[in-house]
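Only one structure is covered here, and it is reproduced in the block below.
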Amino acid sequence: MRLLAGLGNPGRGYAHNRHNIGFLAADEIHRHYRLGPWRARFQGLVSEGEIGPERVVVLKPETYMNESGRSVAAAARFYKLAPPAIIVIHDEVDLAAGRIRVKQGGGAGGHNGLRSIDAHLGPDYWRVRIGVGHPGHADLVRPYVLQDFAKEERPLMSKVVVAAVEALPLLLAGDANGFMNKVVVAMSPPKPKTKPEGKDEAGDA
């Protein structure tokens with residue numbers, strides 16, 4: 001079993017904030033893999049089901065971002081899951097919008113949700129970092145992540161969330177490189193080969 005925790009803040013006012021990209025990913029996982037109904041548990045909302053051969057629990061903590069660790073730790077204790085069985089999906093200001101990175105362990109990098117999870121579970125869980133861009137100055141980060149995605153950003157962010165969710169079975173199978181490669185290809189598909197000048201369609205002379 002794996003625990004997939006998408007981070008965000010509860011409430012309609014936060015729903016489309018940059019900080020809530022983890023919630024948006026959790027909702028897409030729920031929809032794409034047709035998981036069970038959302039239920040209130042572990043100070044959050046949970047949905048259970050299967051992704052391929054893997055049993056998964058998807059969690060959206062409702063503790064607000066800076067207390068995410070309370071919810072994630074409660075779910076981990078209930079299902080008896082060690083940190084390496086946990087994948088946390090969150091926003092990352094140090095990545096350009098639409099970029100994605102995955103790694104196990106590491107520091108919180110100033111992210112309050114990760115800092116809270118580290119305090120409860122230690123750092124050895126997996127992180128899927130979805131880039132939301134940087135406002136240009138550290139003092140502007142907090143208001144920036146609590147703003148909604150700009151209209152022109154939304155198609156790109158939707159695309160990267162869908163790409164990550166569709167590649168998720170590879171990460172669950174332990175193939176982090178395969179996961180990353182599939183997302184990269186989905187975000188930048190190879191250009192179709194152009195027909196050499198003067199050549200007709202295949203089969204024609």
Side-chain angles (χ1 to χ4, degrees), residues 1-11 14-15 19-92 100-109 111-130 160-180 182-183:
M1 175 177 277
R2 304 293 288 274
L3 174 62
L4 311 177
L7 302 190
N9 286 309
Y14 297 102
H19 224 14
N20 273 44
I21 195 74
F23 274 14
L24 298 177
D27 286 336
E28 179 62 18
I29 294 169
H30 177 264
R31 184 202 67 80
H32 185 81
Y33 295 104
R34 300 180 181 181
L35 304 184
W38 292 107
R39 295 178 296 150
R41 298 190 73 184
F42 314 121
Q43 302 175 71
L45 295 174
V46 298
S47 172
E48 299 185 37
E50 289 83 29
I51 298 178
E54 191 77 48
R55 182 78 180 169
V56 299
V57 178
V58 180
L59 169 67
K60 296 195 295 183
E62 294 207 303
T63 52
Y64 288 97
M65 184 66 81
N66 62 354
E67 294 289 349
S68 298
R70 291 196 287 120
S71 178
V72 176
R77 284 194 301 269
F78 180 85
Y79 292 107
K80 298 180 173 60
L81 296 174
I86 300 169
I87 298 172
V88 175
I89 307 169
H90 65 92
D91 61 299
E92 177 59 74
I100 194 166
R101 293 288 184 274
V102 62
K103 67 173 181 176
Q104 183 183 12
H111 194 288
N112 287 334
L114 299 185
R115 186 179 290 120
S116 176
I117 296 170
D118 287 356
H120 285 268
L121 292 175
D124 293 333
Y125 53 92
W126 285 86
R127 304 113 189 273
V128 175
R129 305 157 59 207
I130 301 179
V160 72
V161 165
V162 169
V165 169
E166 290 181 348
L168 191 56
L170 289 166
L171 185 57
L172 293 175
D175 187 0
N177 288 333
F179 168 83
M180 279 297 307
K182 186 168 182 177
V183 173

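Since this is a predicted model, take the numbers as computed values, not measurements.
The aromatic rings of Y64 and Y14 sit perpendicular, their planes meeting at an angle over 60°, well past the 30° parallel limit. Classified by interplanar angle (parallel below 30°, tilted 30° to 60°, perpendicular above 60°), the ring pair H111/H19 is tilted.
Note that R41 lies in the cation-pi zone of F78, set by a 6.0 Å cut-off to the ring centre and a 45° limit from the axis.
No donor-acceptor distance shorter than 3.5 angstrom exists from the side chain of S116 to the backbone of G113, with no hydrogens or angles considered. Proximity of a side-chain donor or acceptor of D124 to a complementary backbone N or O of P84 within less than 3.5 Å is not detected. Between the side chain of Y33 and the main chain of G52, no donor-acceptor pair closer than 3.5 Å is present. A side-chain donor-acceptor contact under 3.5 Å links H30 to the backbone of G36. Checking side-chain atoms of R127 against main-chain N and O of G106 turns up a donor-acceptor pair under 3.5 Å. Under a 3.5 Å cut-off, the side chain of R39 and the backbone N or O of S47 do not form any donor-acceptor pair.
A side chain to side chain contact (heavy atoms under 4.5 Å, CB included) with E166 is found for exactly one of L168, V162, L170, namely V162. Among V58, V57, L35, the single residue meeting the side chain to side chain contact (heavy atoms under 4.5 Å, CB included) criterion with V46 is V57.
Summarising the geometry, atom CD belonging to E54 is positioned 5.5 Å from atom CZ belonging to R2; distances are rounded to the nearest 0.5 Å.
When every heavy atom of A108 is checked against every heavy atom of L114, the shortest pair comes out as O-CD1, 3.8 Å.
At least one side-chain heavy atom of I87 sits less than 4.5 Å from a side-chain heavy atom of L172.
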